[in-house]
Amino acid sequence: MNKERKDAIKRSRAVIKGQMAEQMAPFFPDFPCNPNDVKFIGKPIDFVGFTEDEIIFIEMKTGNSQLNENEKRIKRLIESKKVRYIEYKVKI
């Protein structure tokens with residue numbers, strides 16, 4: 001097997017492991033929310049958690065992975081409190 005193919009397999013396995021970890025993360029003892037109070041979104045943020053006191057945006061990373069530019073932008077927006085709540089009514 002050539003070097004490029006081995007590298008592709010290694011990256012693919014890392015992605016699959018990360019996806020599995022995302023599904024199991026709410027059940028880890030140090031997860032910041034009760035599993036019943038968290039919703040998986042996936043993109044552009046992994047989870048939104050709801051506690052009695054706050055709403056938590058959770059981006060999960062495994063291994064050496066880091067935030068990409070879009071995730072960094074979202075983090076900055078949240079930290080600078082550029083978040084809104086909108087009630088959207090549909091007229092049927």
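Note that the numbering runs from 1 along the sequence shown for the chain.
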Asker: To the nearest 0.5 Å, what is the distance between CD on Glu54 and SG on Cys33?
Answerer: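 Going from CD on Glu54 over to SG on Cys33, the span is 7.5 Å.
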Asker: Under 4.5 Å side-chain heavy-atom separation, chaining through any Ile, Leu, Val, Met, Phe, Trp or Tyr, what else clusters with Leu67? Say none if it is isolated.
Answerer: none
Asker: Rounded to the nearest 0.5 Å, how far apart are CD1 of Ile58 and CD1 of Ile41?
Answerer: 10.0 Å
Asker: Might you work through the side chain to side chain contact (heavy atoms under 4.5 Å, CB included) test for Ile55 and Val48, ending with a clear yes or no?
Answerer: CA-CA 7 Å; Ile55 297 170; Val48 177; 3.7 Å; yes
Asker: Using the ring-ring contact (aromatic ring centres under 6.0 Å, His included) criterion, which residues pair with Phe28? Sequence neighbours excluded.
Answerer: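 In terms of ring-ring contact (aromatic ring centres under 6.0 Å, His included), with neighbours along the sequence ignored, Phe28 is linked to no residue.
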Asker: Would you say that more than 12 heavy atoms from the other residues, nucleotides or ligands in this model lie under 6.0 Å from the CG of Asp30, or not?
Answerer: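 Yes, CG of Asp30 has more than 12 neighbouring heavy atoms, counting only those of other groups under 6.0 Å.
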Asker: So how far is it from Lys82 NZ to Arg73 CZ, rounded to the nearest 0.5 Å?
Answerer: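 One gets 12.5 Å once the value is rounded to the nearest 0.5 Å.
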Asker: One thing to verify: whether Glu69 and Lys72 come together as a salt bridge, which I'm taking to mean a side-chain N less than 4.0 angstrom from a carboxylate O.
Answerer: yes
Asker: Hey, could you give me each pair passing ring pair (Phe, Tyr, Trp, His ring centres under 6.0 Å) that has a residue in residues 38-81? Not counting sequence neighbours.
Answerer: Phe31-Phe47, Phe40-Phe47
Asker: Could I get the full list of side-chain contact (heavy atoms from CB on, under 4.5 Å) partners for Lys3, not counting sequence neighbours?
Answerer: none
Asker: Please identify each residue that fulfils side-chain hydrogen bond (donor to acceptor under 3.5 Å, both in side chains) with Glu71, with sequence neighbours left out.
Answerer: Lys61
Asker: Nearest 0.5 Å, what's the CG-CD distance between Asp46 and Glu59?
Answerer: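 Here the interatomic distance stands at 4.0 Å.
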Asker: Any link between Ile45 and Val83 through a network of hydrophobic side chains (Ile, Leu, Val, Met, Phe, Trp, Tyr) touching at under 4.5 Å?
Answerer: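 Yes, Ile45 connects to Val83 through the hydrophobic network.
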Asker: Mind checking what makes salt bridge (charged side-chain N to carboxylate O under 4.0 Å, His left out) contact with Glu52, not counting sequence neighbours?
Answerer: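 Here no residue qualifies.
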